[in-house]
Amino acid sequence: MDEILLTHPINPEELLWFLSRGFDDPIYSVRENSIFRAFLFADKKFLVKITPGTRSVKIEWLCGERTEENAAFVKSFISEWFDLEEDITSFYELLKADDRLSYMAEEFYGLKLVGMPDLFEALAWAIIGQQINLTFAYKIKRRLIEKYGDYINHDSSRYYIFPSPGTIAAADIEDLRKMQLSGSKTAYLKNIALAFIEGKIDKTILRSLPDSVSRRNLLTAQKGIGVWTANYVLMKSLRDQTAVPFGDAGLINALLNHGIIANKTELQDMHQLFERFKGWEAYLVFYLWRSLAPKPDNPLISIESN
DNA sequence: CTCCAGGTATTTT
DNA sequence: AAAATACATGGA
């Protein structure tokens with residue numbers, strides 16, 4: 001049993017809820033307060049069971065060899081995935097200062113920004129999700145991962161690993177189209193997989209760039225990566241707080257719900273809001289998204305339900 | 001049938 | 001430079 005001790009407490013219920021919030025992400029499964037996920041590291045596959053608590057996250061090895069290297073990799077991956085090291089106290093101070101958002105500091109207390117440490121997965125996911133509803137997007141992601149992803153079978157369940165850029169670069173265009181990826185998205189995916197293979201994009205390169213703007217420019221140089229996708233990926237995979245997917249349909253709807261903007265085109269008030277949340281922009285987006293898919297007891301929807 | 005969905009590229013003003 | 005449009009396809 002491995003364990004990550006937390007300096008800053010988290011809310012395990014919120015985390016587990018978010019991970020299983022009515023969508024079907026094929027990259028992990030959530031059962032009985034634990035998260036199951038398969039990993040590939042140094043050509044070895046393994047499966048772990050992750051059980052988050054308030055002050056620690058427990059990691060149990062279910063399949064594959066537990067070496068010190070593997071354990072270190074998984075711990076670091078999980079820490080990044082769930083943003084375990086960030087102290088979000090000052091974000092809560094900002095929330096509390098806003099009458100329309102202050103409830104979030106209690107309602108979602110201890111919710112950390114769930115990221116996507118695998119940059120290729122984040123890019124592929126962002127492209128799949130462009131301009132289609134999330135339910136459909138997750139279906140496509142599942143088809144993609146079930147056809148091209150490696151996996152581990154364990155206890156009559158299959159745990160998938162997201163396909164590598166090499167696999168997608170070699171994938172047949174017709175097969176991708178059959179998954180109901182549009183023609184242009186198919187081309188985008190292949191193109192981006194190629195960019196990874198050619199070493200044009202990776203996390204090290206992105207991190208070596210001096211600012212958000214140059215990171216965004218590196219990404220948007222690829223066809224299929226527009227401003228929204230670049231910011232989404234920088235937010236989810238590099239935890240760039242200043243990368244806000246402005247124009248995002250969900251973000252706009254959340255702002256409308258909270259009465260922060262009055263319509264979808266006049267976004268001055270949105271920019272003012274983000275100005276006040278400097279340094280915590282990505283967290284603000286994440287919490288606003290969180291507000292869109294509330295728990296049954298969330299006041300925001302109990303009003304309209306029936 | 002309509003409108004929309006965690007947009008992007010291209011073409012037209 | 002800004003605005004309109006084509007694209008693509010399921011979900012509600």
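Just so it is clear: chains get the letters A, B, ... in the order the sequence lines come, proteins before strands, and each one is counted from 1.
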Can you list, pair by pair, the side-chain donor-acceptor contacts under 3.5 Å of residues 50-60 of chain A, counting residues two or more places apart and other chains?
unit_1: A:Thr51; atom_1: OG1; unit_2: A:Ser34; atom_2: OG; d: 2.8
unit_1: A:Ser56; atom_1: OG; unit_2: A:Glu3; atom_2: OE2; d: 2.8

Under 4.0 Å between a side-chain N/O of A:Lys264 and OP1 or OP2 of B:dA5, yes or no? yes
Between A:Phe77 and A:Phe41, is the gap from one ring center to the other below 6.0 Å? no
Indicate the ring-plane relationship of A:Tyr138 and A:Trp125, choosing parallel, tilted or perpendicular according to the 30° and 60° boundaries. tilted
So, for A:Asp24 and A:Arg142, which heavy atoms are closest and what is the spacing to 0.1 Å? OD2-NE, 2.6 Å
Verify the ring-centre separation between A:Phe286 and A:Phe18: is it less than 6.0 angstrom? yes
Does any residue of residues 270-285 of chain A have a heavy atom under 4.0 Å from DNA chain C, and if so, which ones, in number order? none
Please give me every residue in residues 168-201 of chain A whose heavy atoms get under 4.0 Å of an atom in DNA chain B, ordered by residue number. A:Tyr188
Quick one, which residues of residues 112-135 of chain A touch DNA chain B with a heavy atom under 4.0 Å? A:Gly129, A:Gln130, A:Gln131, A:Ile132, A:Asn133, A:Leu134
The residue, A:Trp289 or A:Gln222, whose nearest nucleotide of DNA chain B is more 5′ is A:Trp289
Do you reckon A:Leu181 sits in the same ILVMFWY cluster as A:Leu134, going by side-chain contacts under 4.5 Å, direct or chained? yes
Does the plane of the ring in A:Phe162 sit parallel, tilted or perpendicular to the ring in A:Phe120? Use 30° and 60° as the thresholds. perpendicular
Which nucleotide in C:dT9, B:dA5, B:dT8 has an atom nearest any side-chain atom of A:Thr229: B:dT8
Please list, chain by chain and in numerical order, all residues satisfying side-chain contact (heavy atoms from CB on, under 4.5 Å) with A:Ser102, sequence neighbours excluded. none
Shortest non-hydrogen contact from A:His258 toward A:Tyr103: NE2-OH, 2.7 Å
Could you note down all residue pairs passing salt bridge (charged side-chain N to carboxylate O under 4.0 Å, His left out) where residues 86-96 of chain A supplies at least one of them, sequence neighbours left out? none
Take atom CZ of A:Phe23 and atom P of C:dG11, then tell me their distance rounded to the nearest Å. 12 Å
